[in-house]
Asker: 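What follows is a single structure, and I will ask about it in a moment.
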There are 2 protein chains.
Amino acid sequence: MPEANSWSDHVQNVLARAGLKRGGARERVVALLAGKPCALTAVEIEQELRRQGRLTGRASIYRVLELLVEHGLVERVELGDGQARFERVHPDGAHHHHLVCERCGRLIAFDDPGLERAIDRLGERLGVRVESHDVLLRGACKKCG
Amino acid sequence: MPEANSWSDHVQNVLARAGLKRGGARERVVALLAGKPCALTAVEIEQELRRQGRLTGRASIYRVLELLVEHGLVERVELGDGQARFERVHPDGAHHHHLVCERCGRLIAFDDPGLERAIDRLGERLGVRVESHDVLLRGACKKCG
DNA sequence: AACAGGAATGGGAATCAATCTCATCCTATG
DNA sequence: CATAGGATGAGATTGATTCCCATTCCTGTT
């Protein structure tokens with residue numbers, strides 16, 4: 001069992017520690033996300049679960065995702081195409097950003113200390129407290145470029 | 001006549017050069033955007049025009065905005081709240097990014113060469129061609145921080 | 001200046017993601 | 001094992017955006 005499991009476990013721990021009860025919908029969504037490191041839309045999650053014969057209400061899926069995001073277990077990724085995507089966040093994983101390949105549509109994750117540093121300095125220069133930031137690059141990935 | 005006018009003129013030139021005809025809806029939207037440097041949603045544009053007694057069809061507003069974005073005359077700004085915002089782009093203006101104040105909701109524009117440099121280097125490091133990028137900071141602005 | 005062909009417009013229907021409602025089900029606990 | 005309250009789900013609803021298409025408006029050409 002690869003790290004996927006450790007993420008599932010981590011989710012269980014965090015939610016249990018928060019005093020929440022368990023439930024089928026949550027377990028199904030978490031199990032699905034655990035096996036897919038890439039970002040999925042809520043609709044994709046619903047369809048994939050249906051395909052697996054694990055019917056899950058739309059409202060529950062959105063509720064679960066919102067909960068996971070609130071607890072920092074899942075990251076919401078917006079690509080500007082009118083639907084949010086969700087991907088698991090590793091407890092020990094550095095936060096990262098994405099490049100959308102405009103040819104193949106692939107989403108490539110990356111992290112870059114230089115970028116983070118630039119943003120920190122920027123916050124100081126502007127005199128604002130930056131609590132979070134999103135960076136989205138668009139271009140051509142290695143294969144398509 | 002401040003720069004607002006030069007932007008309107010620039011829009012007219014670009015669209016005329018593209019062989020497009022003129023039309024009322026377009027002129028109304030451009031006139032409105034010319035006077036508002038801040039980012040407006042399509043719905044806000046529709047309401048503002050109605051308030052001015054310059055009724056304009058929803059479809060036309062979206063069509064005009066799409067056209068202006070295609071021609072690089074207007075920038076689409078996504079804050080992740082489920083609606084796109086639009087603001088004019090100056091022909092000579094450096095491109096910029098935004099900070100959303102999570103207290104007052106204000107949108108603050110800024111530019112930062114250090115950030116741009118970091119992104120350029122990042123593209124090289126990753127070996128990808130970065131064609132465009134978006135950066136969105138969330139935090140507290142000077143007044144609220 | 002009338003014409004023609006193609007753009008532009010706008011009202012309303014249609015989409016589509018996301019949210020809300022609320023009755024019912026299930027979990028963890030005493 | 002009874003129970004209080006969290007969790008679930010089907011369907012209705014919202015809200016932005018897009019689609020459809022008949023009508024109106026521009027503009028280069030007679």
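The figures here come from the full heavy-atom set of this structure, side chains too, leaving out hydrogens, waters and symmetry mates. Below, read A as the first sequence line, B as the second, and so on, with proteins coming before strands; counting in each chain starts at 1. Everything quoted here is computed from the prediction, not taken from an experiment.
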Asker: Just list the side-chain donor-acceptor pairs under 3.5 Å for residues 72-79 of chain B, sequence neighbours left out, or say none.
Answerer:
from	atom 1	to	atom 2	distance (Å)
B/Arg76	NE	B/Glu78	OE2	3.4

Asker: Got a list of side-chain donor-acceptor pairs under 3.5 Å for residues 80-87 of chain A, not counting sequence neighbours?
Answerer:
from	atom 1	to	atom 2	distance (Å)
A/Asp81	OD1	A/Gln83	N	3.4
A/Asp81	OD2	A/Arg85	NH2	2.4
A/Glu87	OE1	A/His98	NE2	3.4
A/Glu87	OE2	A/His96	NE2	2.6
A/Glu87	OE2	A/His98	NE2	3.3

Asker: Counting only side-chain nitrogens and oxygens, does A/Ser60 get under 4.0 Å of the OP1 or OP2 atom of D/dA7?
Answerer: no
Asker: Tell me which nucleotide among C/dT9, D/dT8, C/dA28 gets nearest to the side chain of B/Val64.
Answerer: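 Nearest to the side chain of B/Val64 among the choices is C/dT9.
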Asker: Kindly say if A/Arg28 contacts the phosphate of D/dG9, meaning a side-chain N or O under 4.0 Å from OP1 or OP2.
Answerer: yes
Asker: Kindly indicate whether the side chain of A/Leu137, heavy atoms from C-beta on, has any atom under 4.5 Å from the side chain of B/Val128.
Answerer: no
Asker: Return the CG to CZ distance between A/Asp112 and B/Arg121, rounded to the nearest 0.5 Å.
Answerer: 8.5 Å
Asker: Which donor-acceptor pairs under 3.5 Å do the side chains of residues 53-61 of chain A make with protein atoms, sequence neighbours left out?
Answerer:
from	atom 1	to	atom 2	distance (Å)
A/Thr56	OG1	A/Arg28	NH1	2.6
A/Thr56	OG1	A/Arg54	O	2.8
A/Ser60	OG	A/Arg63	NH2	3.2

Asker: Whole angstroms only, please: what is the CG-P distance between B/Leu67 and C/dA8?
Answerer: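 To the nearest whole Å, that distance equals 7 Å.
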Asker: Expressed as a whole number of angstroms, how long is the span from B/Glu44:CD to D/dG15:C1'?
Answerer: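 Distance check: B/Glu44 CD to D/dG15 C1' gives 14 Å.
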Asker: Check whether any side-chain heavy atom of A/Gln52 lies under 4.5 Å from a side-chain heavy atom of A/Leu49, and answer yes or no.
Answerer: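 Yes - at least one pair of side-chain heavy atoms lies under 4.5 Å apart.
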Asker: When rounded to the nearest 0.5 angstrom, what distance separates OG1 in B/Thr41 from CD in B/Glu48?
Answerer: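 That separation rounds to 11.0 Å.
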Asker: So which protein N/O to nucleotides 3-6 of chain D N/O distances come out below 3.5 Å?
Answerer:
from	atom 1	to	atom 2	distance (Å)
D/dG5	N2	A/Lys21	NZ	3.0
D/dG5	N3	A/Lys21	NZ	3.2

Asker: Rounded to whole Å, please give me the gap between CG in B/Leu49 and C1' in C/dT9.
Answerer: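 Taking CG of B/Leu49 and C1' of C/dT9, I get 14 Å after rounding.
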Asker: Nearest 0.5 Å, what's the NZ-CD1 distance between B/Lys142 and B/Ile108?
Answerer: 9.5 Å
Asker: Grab the N/O contacts between the protein and nucleotides 16-23 of chain C below 3.5 Å, and write none if there aren't any.
Answerer:
from	atom 1	to	atom 2	distance (Å)
C/dA18	OP1	A/Ala84	N	2.8
C/dA18	OP2	A/Tyr62	OH	2.7

Asker: Taking CZ from A/Arg50 and C1' from D/dT8, how many angstroms apart are they, rounded to a whole number?
Answerer: 16 Å
Asker: Can you check the A/Asp81 CG to D/dA16 C1' distance for me, whole Å?
Answerer: 14 Å
Asker: I need the CD-P distance between A/Glu78 and D/dA16, as an integer number of Å.
Answerer: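 That distance rounds to 16 Å.
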Asker: Whole angstrom is fine here: how far is it from CD in A/Glu27 over to C1' in C/dC26?
Answerer: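 After rounding, the reported distance stands at 12 Å.
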Asker: Which residue pairs satisfy the ring pair (Phe, Tyr, Trp, His ring centres under 6.0 Å) criterion with at least one member in residues 108-145 of chain A, sequence neighbours excluded?
Answerer: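 Ring pair (Phe, Tyr, Trp, His ring centres under 6.0 Å) check on residues 108-145 of chain A returns A/His95-A/His133, A/His97-A/His133.
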